[in-house]
J.: 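Structure provided below as C-alpha cells; questions to follow.
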Number of protein chains: 2
Amino acid sequence: MPEEKPYHHGDLRRALLDAALRVIAEGGVAGLTLREVARQAGVSHNAPYHHFADKAALVTALVDEGFAQFAKTMQFAYDAATGSALDKMVSVGVAYVRFAMEHPAQFRLMFRPELRASDGCLPLKHADVPETSSGYEVVIRALQAAQREGLVAEGDIDHLALAAWSTVHGLADLILDGNRDIASTPEEATALARMTVEVMVHGLAKRP
Amino acid sequence: MPEEKPYHHGDLRRALLDAALRVIAEGGVAGLTLREVARQAGVSHNAPYHHFADKAALVTALVDEGFAQFAKTMQFAYDAATGSALDKMVSVGVAYVRFAMEHPAQFRLMFRPELRASDGCLPLKHADVPETSSGYEVVIRALQAAQREGLVAEGDIDHLALAAWSTVHGLADLILDGNRDIASTPEEATALARMTVEVMVHGLAKRP
DNA sequence: CGGCAAATGTGGACAACGTCAAGATGCATT
DNA sequence: AATGCATCTTGACGTTGTCCACATTTGCCG
C-alpha cells in the first residue's frame with residue numbers, strides 16, 4: 001500500500017481515515033458512509049476510490065490501525081504494571097476494556113467481520129500485527145509468566161487465554177452496546193473491569 | 001401489537017420475520033434488506049410497511065423474539081441441569097454459547113443496538129421479557145442459590161453476574177465473529193464453553 | 001527543459017436501498 | 001348491499017456504493 005507522497009490534497013488517505021472515525025463517533029457504525037466521509041474530508045464522492053478499493057477496504061484499513069494501536073496499548077499495560085504476573089494480567093484486562101471505551105469506533109469495527117473485507121483473518125490473530133506482538137500474544141505471555149511464578153494452574157494455555165480474553169471482551173462489548181448504562185465513564189469502566197477481571201482470576205467458587 | 005387475523009396473505013408479519021432470519025442466515029446482518037425480505041416473502045417492496053413502521057422496527061421485533069427465546073433456553077438449561085448450583089451455572093453458561101451458535105442471526109441482532117429502534121433498553125434487561133424471567137435473572141438466581149449452598153463467595157451479586165455473563169458473552173461473540181475458526185460446530189463450541197466457564201468458576205489463579 | 005504517463009480528483013450515471021404518497025383490492029360489520 | 005378499514009401494489013424521491021469518462025496535477029525521463 002504505497003501512500004507516502006500525495007499529489008493534490010496533502011494526505012487524503014489519512015484525512016479519509018480520520019474523517020471516518022469522526023463519522024462513526026458521531027453517527028455510529030450504521031452512519032458510516034463513504035460519501036459522508038468524502039464530504040467531511042472536503043473532496044468529491046469519488047475521491048476515496050483512489051485510495052481504497054471500496055468501503056470495506058476503508059474499514060479494513062481502520063481495523064488494521066485499530067489492531068496495531070490495540071496491541072501497543074496491551075503491551076504497554078503489561079510493561080507498566082508492577083507486581084506479580086497476576087497483577088499484570090489484571091492490568092492488561094483493564095487496559096482492554098479501557099481501550100474499548102476510549103476508542104469505541106475502532107473497537108466496534110475490529111470485531112465486526114461483516115463490514116471489513118472478507119480476508120477471513122481471525123480477530124485474535126490479526127494479519128497486520130506481527131504474531132509475536134499481537135494483543136493476544138501479550139495475554140499468552142502474561143499467563144506463561146504467571147504459570148512460571150506458580151500463580152496460575154497448569155493447563156492448556158490457549159484455553160486459559162481464551163477464557164480471560166472472553167471475559168474482558170464480553171465486558172467491553174456489553175458496556176459499549178448497553179448505551180453506556182453499565183458504565184458511562186472510563187473511570188467507571190475501569191473499576192468494573194478491575195472487579196470483573198479479579199473474579200476471573202480468583203474464580204466464582206468460594207476458596208476453601 | 002395486534003396481528004391475529006391477516007387478510008390477504010395469511011400471516012405476512014410472521015412470514016416477514018422468518019424471511020428476515022433466512023436472509024441474515026444467508027447474507028449476514030449486512031445483507032439484511034427490507035426489499036429482499038419482501039421478495040423472499042413474495043410480496044411487494046412496500047408490504048412490510050403495513051406490519052412494521054420501518055426497518056428498525058422489524059429488527060426490534062426479531063430482537064424481542066430472540067430475547068424471549070433466549071430467556072427460555074437459559075431457564076431450561078438451569079432447570080434441566082443436575083448437581084450443585086455451580087453445576088447449574090456451568091450448564092447455563094454452556095447454553096448461552098450454544099444459543100449463539102444455533103441462532104446466530106438473532107444473537108447478532110440482540111446485541112447490536114445500532115440496528116434496532118432506539119428505545120434505549122439494556123440488553124441485559126430487555127423490556128419484552130418479564131424482569132423475573134430474563135436470561136440475566138436466571139444467572140442471578142443461580143448465583144444466589146450457589147451462595148446459599150456456600151459454593152460461591154459472598155459479594156455483590158451483580159458484579160459476579162456481570163463477570164459470568166461477560167465471559168460467556170465474550171466467548172460467544174468471539175466464536176461468531178471469528179468466522180467459526182475458534183469453534184466450527186455446536187459440539188466444539190459446547191466443549192469450549194464448558195472449559196471456559198469452568199475457568200471462570202474456579203479462577204485462573206492456582207488453588208492452594 | 002519539455003512532454004508524457006501515472007497518480008489523483010471531478011462529474012455524471014446506474015442499480016439498489018429506505019421511505020413516502022396515492023391508488024387498488026379484499027374482508028367485516030352494519 | 002354499502003361503507004370502512006386493513007392490506008397490498010405501483011410509482012416516486014433522495015441517498016448510497018460503485019462504475020465510467022474526463023480533467024488536472026505530479027514525477028520522471030529523454
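Excluded from the calculations below are hydrogen atoms, water molecules and symmetry mates; all remaining heavy atoms, backbone and side chain alike, are included. The chains referred to below are lettered A, B, ... by the order of the sequence lines, with proteins before strands, and numbering in each begins at 1.
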J.: Report the distance from atom CG of A/Leu16 to atom C1' of C/dG9, rounded to the nearest whole Å.
T.: 12 Å
J.: Is the shortest distance from a Lys or Arg side-chain nitrogen in B/Glu36 or B/Arg22 to a carboxylate oxygen in the other one below 4.0 Å?
T.: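 Salt bridge flag = no for B/Arg22 with B/Glu36.
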J.: Ignoring hydrogens and angles, state whether a donor on the side chain of B/Gln40 or B/Arg35 is under 3.5 Å from an acceptor on the partner side chain.
T.: no
J.: What do you reckon, is CZ of A/Arg194 surrounded by more than 12 foreign heavy atoms closer than 6.0 Å?
T.: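 It does not: A/Arg194 CZ has 12 such atoms or fewer within range.
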J.: Check the angle between the aromatic planes of B/Phe107 and B/Phe111 and answer parallel, tilted or perpendicular using the 30° and 60° thresholds.
T.: tilted
J.: What's the CG-P distance between A/Asp11 and C/dA7, to the nearest Å?
T.: 17 Å
J.: Just the rounded figure in Å: distance from P of D/dC19 to CZ of A/Phe52.
T.: 16 Å
J.: A/His50 has a side chain; which of D/dT7, C/dC20, C/dG9 sits nearest to it?
T.: C/dG9
J.: Short question: side chain of A/Lys88, backbone of A/Ala80 - any donor-acceptor pair under 3.5 Å?
T.: no
J.: Answer with yes or no whether B/Asn46 presents, from its side chain, a donor or acceptor under 3.5 Å of a partner atom in the base of D/dT10.
T.: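 Checked by distance alone, the answer is yes.
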J.: Can you tabulate the close N/O pairs, meaning under 3.5 Å, that link protein atoms to atoms of nucleotides 15-18 of chain C?
T.:
from	atom 1	to	atom 2	distance (Å)
C/dC17	OP2	B/Arg39	NH2	2.7
C/dG18	OP1	B/Leu34	N	3.0
C/dG18	OP2	B/Leu34	N	3.1
C/dG18	OP2	B/Arg35	N	3.1
C/dG18	N7	B/Arg35	NH1	2.4
C/dG18	O6	B/Arg35	NH1	3.0

J.: Looking only at the side chains, is there a donor atom on one of B/Gln69 and B/Glu65 sitting less than 3.5 Å from an acceptor on the other?
T.: no
